[in-house]
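In what follows, a structure is listed as C-alpha cells, so that the remarks can point back to it.
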2 protein chains.
Amino acid sequence: MSISDRKLMILKAIVDDYIMTGTPVGSRTIAKKSDINVSPATIRNEMADLEEEGYLEQPHTSAGRKPSDKAYRLYVDTLMRASSLTNEEISFLKQYMKNKFSDVSNVVETVAETLSELTNLTSVVLVPDAKNKELQRIQIVNLGEHNALVLFVFRDGDVKNFRVKMPKDIDDQYLDNISNWLTDFVKGKTLEVALTDMKELSMDDIDVYQQFGLNLLNMVLNNVESSGSKNIVLGGAKNIFNYPEYQDINEARNFLTLLDTKDALYKVLADNKDLELSIRIGKENDREELKNMSVVTATYRMDNKEIGTFGVIGPTRMDYAKVITILHYISESMDTIFKNEK
Amino acid sequence: MSISDRKLMILKAIVDDYIMTGTPVGSRTIAKKSDINVSPATIRNEMADLEEEGYLEQPHTSAGRKPSDKAYRLYVDTLMRASSLTNEEISFLKQYMKNKFSDVSNVVETVAETLSELTNLTSVVLVPDAKNKELQRIQIVNLGEHNALVLFVFRDGDVKNFRVKMPKDIDDQYLDNISNWLTDFVKGKTLEVALTDMKELSMDDIDVYQQFGLNLLNMVLNNVESSGSKNIVLGGAKNIFNYPEYQDINEARNFLTLLDTKDALYKVLADNKDLELSIRIGKENDREELKNMSVVTATYRMDNKEIGTFGVIGPTRMDYAKVITILHYISESMDTIFKNEK
DNA sequence: GTTAGCACTCGTATATTTAGAGTGCTAACA
DNA sequence: TGTTAGCACTCTAAATATACGAGTGCTAAC
C-alpha cells in the first residue's frame, strides 16, 4: 500500500517541525506552516491514517503527534532534503575544518570536538585499534636512572609510548642498536603479527634482543587489549542539555551514564565499521540503552582499510540531514590531511 | 574571643552531619547523635550563638542550620580528624593505586580517573606545561610519501609528536642524522631555551639542520602555547549528580559548563602550583564561578620542580578529610613511579 | 473529498490546603 | 547561672483541588 503524496508531505512537515521544536505537533501548525493548502480538519484525517500506519504516535489524547522511529526511517531514506545547509554554511564548514585540522597532532580529539560543535550533539570517535595498525618504528629512549621510554610509531602517525625500567643503565648506543634491530624486524607488521613472528625466531638469532623485543611486544599488546573499552573519545557531552526533553535530571543523568559505559558505545561503533554511513534510529539499535536514541556514524577509509569511525549520538529527533552533511565534510577534510597533502 | 569546647564539638558535629547528608541539621539530630549529652534546647542556644558568630547559616526560619564557609575553614584547620579512613581503607587505597599506576603511559589521565573514583568528586589535573620541561630527545620518523613525524621526548617521559610534510622523500639515514644533531643540541634544555640558543648559532654551523631545527622548534612552541587553555584533564564530571543539591538541572548544567571553561580551572590550578596542598573553600576562591564550590589541590614536586598539580572540585560540603588523604596517597604513589622504581 | 463546528480529553499551570520539622522564647528547675 | 521542658510560631514541601487550553475525533454541511 503506497502512501499518497499529500500524506508524505504532511509527514515530512511533522518530522521537520518535531525535529525543530521537540513538542508534539498539531494539525493547526501544519496547516499554517506548510504549503499544503488544506484545512486543519483534513490534516487531522490524514494524521489519523498516518498514526494507524505506524508513522505517528500520540503521547496522549489531547496532544499533537510525534514521529515514530518508522517515520524517521522513511524521512531519512526518502523524505528529507539531502542537505539542509546553505552554500554559505557549507563554505563556512569547510573553512572551519581546514583551520581545525591544520596543525593537528591528535586527530581523534579534533574530530570529536569539531563534530560536536558543528552538530550540537554528542560526538563519539573510535580510536583506531592499535592492534591492527602497521608499525613503522620502535625507538627506545633512555630517560636516565634506569628508566627508559619505548616508543611505538605506527604507519598512520600514531604513537604509543611505555615507560619501562631497566635492570641497569644501558648505553645509549646500545639502546639505539636494539631499537634498530626491533624496527627492522617489525616494520610493516601489525603488533600481533610481529609478536608471532618473533616467537618463531630461532634461538640462533641475537638472543638478548629477541628476548627484550618479545617482552616489549607482549607488554604493549596486553596494554592495548586491556584498555580495549577505552578506545573511544567523546565530545560535547553536555550538548544534550540543549534538548528540552532532557531537562529532566534523570534523563540527563542516564544519558551521561550511558556515555560512561564506553563498552556499549564501542560496540556500536565497532559494529558499524564496515559501513561508510550508518544510521540507527531508536529501536533499530541493538543495545537496550540506545533504544530511544539515534546513532549516526561514518567510517573513513583509505586503501580499503578503515582509518577511523566517528559519529554522533543523540535524541531520535536529531537533524539527520545536517548531521550527515557534516560527517561527509569531515571525511573530506580527513582526505585532505591524509592524501592531498602527503 | 575564643569558643568553648562544647561549641566546637557541636560545630564539628554539625559539619560532619551536613557533609554526610547535605540537609540542614537541627538541634535534635545533634543531641541524639553526638556524645555531648545535653538537651536539644541547650544545643539550640549554642547554635544561635554560632550563627551570630558567622559559623552557621539558616536557609529559612524553620530549617536547621548549615555550616558557613567560615565554619568549613575552621573545620579544615582544626576540627576534623586528620583522616576519616580506617586502616583497611588505606591499605585498599594503596593497593588500588599500585594497580592503577603499574603500567601507565598516560599518567595524567590515570591520576584524573583514580582521583575521581576514589573521592566521588570531579577531578582536575593540570597537564605539566611542556614549555618548561627538559627535552631528552628529538626523533624524526619517516612515514613515507613525504610525511614525517617529529617526536619530542621529555625528561619526564612525556612525548609530543607532530606530523610534518617534507618537500621530498628523504633518506631515513639522513633523518636520523638530523635527529641526532637536534638531540645533541636540545638535550637538557627546555623548548624555549633551545629555541633562543639555536637562534644564536652562527651560520657556519650546518645550515640545513639548523634551519630545519628552528622551524620545528618554532612550530612546537606555537602549538604548545596555542593549546594553553586545554592543558587540563577532567575526571568524573558526572559525579556531581551524586549530590542531591545538584539535582536541579540548572545547577548541574552550570557546573558542567564551568568544567568546560577550562581557562578558569587552569587559572585556579596554576595559581596553586606553589602550594603542596591548597584548600579553597567557597568564597575563598577568586573566581566568581567558584564562589560556592571548594577546590582542593595538591602539587607533586621532585627536585623542587613541580611535576603535576591535581585536585578535586565540588560542593563546599565535600569530605575534606577523605579528599586530603587521597591526594596524599596519590602523591605517594607518584613517588613510587618517579623515584623508587627508577 | 473537504471543512466548520463543537463536545470531549487530558496534561500542565496555578491556587489552596495540610503536615511536619525546626525554631525561639518563657518559665521552671538543679 | 546554666539547663531543660513546653509551646506558640514560622516556613517549606507535599498533597490536593481548580482552571485553562491545546488538540482531538466526530458530525453534518458544503
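Labels below follow one simple rule: chain letters A, B, ... track the order of the sequence lines, proteins then strands, and each chain is numbered from 1. This is a predicted model, so every value here is computed, not measured.
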Atom-pair distance ([atom1] on [X]; [atom2] on [N]), nearest Å:
X	N	atom1	atom2	answer
Arg44(B)	dT4(D)	CZ	P	11 Å
Asp49(B)	dG2(D)	CG	C1'	13 Å
Met47(A)	dT3(C)	CE	P	15 Å
Leu50(B)	dG22(C)	CG	P	18 Å
His60(A)	dT24(D)	NE2	P	10 Å
Gln58(B)	dC11(D)	CD	P	10 Å
Asn45(A)	dC26(D)	CG	C1'	10 Å
Glu46(A)	dT24(D)	CD	P	14 Å

Compare side-chain N and O positions of [X] against OP1 and OP2 of [N] and report whether any pair is under 4.0 Å apart.
X	N	result
Ser62(A)	dC10(C)	no
Arg28(A)	dA4(C)	no
Arg6(A)	dT2(C)	yes
Thr42(B)	dT4(D)	yes
Arg65(B)	dG22(C)	no
Thr61(B)	dC11(D)	yes
Ser27(A)	dT24(D)	yes

In plain terms, say whether Lys267(A) and Asp263(A) are close enough for a salt bridge, that is, a side-chain N and a carboxylate O under 4.0 Å apart.
-> no
Which value, rounded to the nearest 0.5 Å, describes the distance between Lys238(A) atom NZ and Thr122(A) atom OG1?
-> 10.0 Å
Around atom [atom1] of [X], are there more than 12 heavy atoms from other residues, nucleotides or ligands closer than 6.0 Å?
X	atom1	answer
Asp77(B)	CG	yes
Glu276(A)	CD	no
Lys291(B)	NZ	yes

Mate of dT27(D) across any strand shown (Watson-Crick or G-U wobble, both atom pairs under 3.5 Å) is dA4(C)
